[in-house]
Amino acid sequence: MNKVFAAMAGLAGIAALGGCTQVQEPAPICNMAGIAAQRQLVALPAAAPNEPSPLLEMPLNSVSITDYTVMNKLFVRNVVAQRTPTGTVKVVSQIVNCTDYPLNVEARTQFYDQAQAPSEQVSAWKRLNLAPRTFNTYSENSIGTRTVQYYMVELKETR
Amino acid sequence: MRRLTFVAAAALLLSACQTVQNTAGTPTTYVDPSTLGPVKGVGIESQDIISMTDQMMRDMLAEPRLGNAATPPNVIIDAEYFVNESSSRLNRNTITDRLRVGLQRAAQGRMQFVGRHYANMVDAERKLKRQGVIDQGKNPAAAAQKGGDYRLGGRITSLDSRDSKSGMTQRYTQIVFEMADLESGEIVWSGIYDFAKAATDDVIYR
């Protein structure tokens, strides 16, 4: 019985500690635990045709933070793609700096064709200055027109 | 049978332990020109040139008058009207050459490129052909060299500041690209690339 009480007391203590971490932060508030929970895992050991890729964190039509140093500092608010009047594709993404410090990051985009093969060379790294607790917008245009069907954005800290 | 079981178990154990060998590669003198190298200062560097030309190329292709005209326009991209007024020592051709080559490879017929910097070379060959010194070659004779519809212009400017106590230098660099209509003078497209860098190291650009 004592053991049950001890266990319950322990759980209550952990819950209290968890409560202490719920500090109210000014906007924007980034739920990093939620982002981590959304990451999906694939069990395959290597890339094979018509099989899911083991590159778990880099799905198409998304922004992937590829740098460990800023993984829990940035929040990708959204990413959209649209056709320009000339038929090229423009990818636009809003990146939020969740920290109280300025951050310099850079991003690049790879565009893909219908077969999910790269349709052109990857874009050059584009710098983005993020003041503390602000967001900035990253955008990139494709070179190709109708051949472009998918995209993938990589994001890392500028060094 | 027991040995086989042991080997299978060992293999399973090893595969379960496999992780990314997250260590640096073999050192080399080659560096990635698209990112910051070991020698870094406050001026325009390779990663800036690669980034700015890539940005401008993609942006031009999204401009309907350049990238989606009914008749592909003749464009001239060279350093003739691309001036450097900054404190950075720089060969302007590095920027305009990369932009022209990148754009021509990417445009795939959406624009036509006139090599005005080769005008003297073409003129000399045409004269020899007209004089009968050499034959016509395979291409049909043209009435004249191609004229340009649009030509690249631009300016590089900078603003320098220095802390005399710490010796730290900061430089803001701004690079403006403009495409001008060669009949009306209208600027049909423009792009800007800017950055500020601060450093204490004494890098010399040559």
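Every chain is numbered from 1 and lettered A, B, ... according to where its sequence line falls, protein lines coming before strand lines.
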Under a 3.5 Å distance rule, please check whether [X] uses its side chain to pair with a backbone N or O of [Y] as donor and acceptor.
| X | Y | answer |
| --- | --- | --- |
| B/S86 | B/S158 | no |
| A/N97 | A/A131 | yes |
| A/T88 | B/A62 | no |

Inspect the contact between [Y] and [X] and indicate whether a charged nitrogen and a carboxylate oxygen are less than 4.0 angstrom apart.
| X | Y | answer |
| --- | --- | --- |
| B/R58 | B/E63 | no |
| A/E140 | A/R108 | no |
| A/D67 | A/K73 | no |

> NE2 of B/H117 to CG of B/N120: how many Å apart, nearest 0.5 Å?
Replying inline: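 CG of B/N120 is found 11.5 Å from NE2 of B/H117.
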
>> To the closest 0.5 Å, what do you measure between OG1 (A/T99) and CG (A/L74)?
In response: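 A/T99 atom OG1 to A/L74 atom CG measures 8.0 Å (nearest 0.5 Å).
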
Pick one of side chain, backbone, both or neither for [X], based on which atoms fall under 4.5 Å of a heavy atom in chain B.
| X | answer |
| --- | --- |
| A/R127 | side chain |
| A/S123 | both |
| A/T84 | side chain |

> Quick check: are there more than 12 heavy atoms from other residues, nucleotides or ligands sitting under 6.0 Å from NZ of A/K90?
Replying inline: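 Atom NZ in A/K90 is not packed in, count stays at 12 or less.
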
>> Heavy-atom count check: over 12 atoms from other residues, nucleotides or ligands less than 6.0 Å from B/K127 NZ?
In response: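 No, not enclosed.
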
Under 4.5 Å from any heavy atom of chain A, what part of [X] do you find: side chain, backbone, both or neither?
| X | value |
| --- | --- |
| B/T53 | neither |
| B/M52 | neither |
| B/Q47 | neither |

> Is any residue of residues 91-115 of chain B within less than 4.5 Å of chain A by heavy atoms, and which ones?
Replying inline: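 Under the 4.5 Å heavy-atom cut-off, B/A106, B/R110 qualify.
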
> When only heavy atoms count and the cut-off is under 4.5 Å, which of residues 168-196 of chain B reach chain A?
Replying inline: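 Listed by number: B/Y193, B/D194, B/F195.
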
> Under a 4.5 Å cut-off applied to non-hydrogen side-chain atoms, are B/R126 and B/Q145 in contact?
Replying inline: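 They are in contact (side-chain heavy atoms under 4.5 Å apart), so the answer is yes.
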
> Does any non-hydrogen side-chain atom of B/R116 lie less than 4.5 Å from one of B/V122?
Replying inline: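 No, too far: nothing below the 4.5 Å cut-off.
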
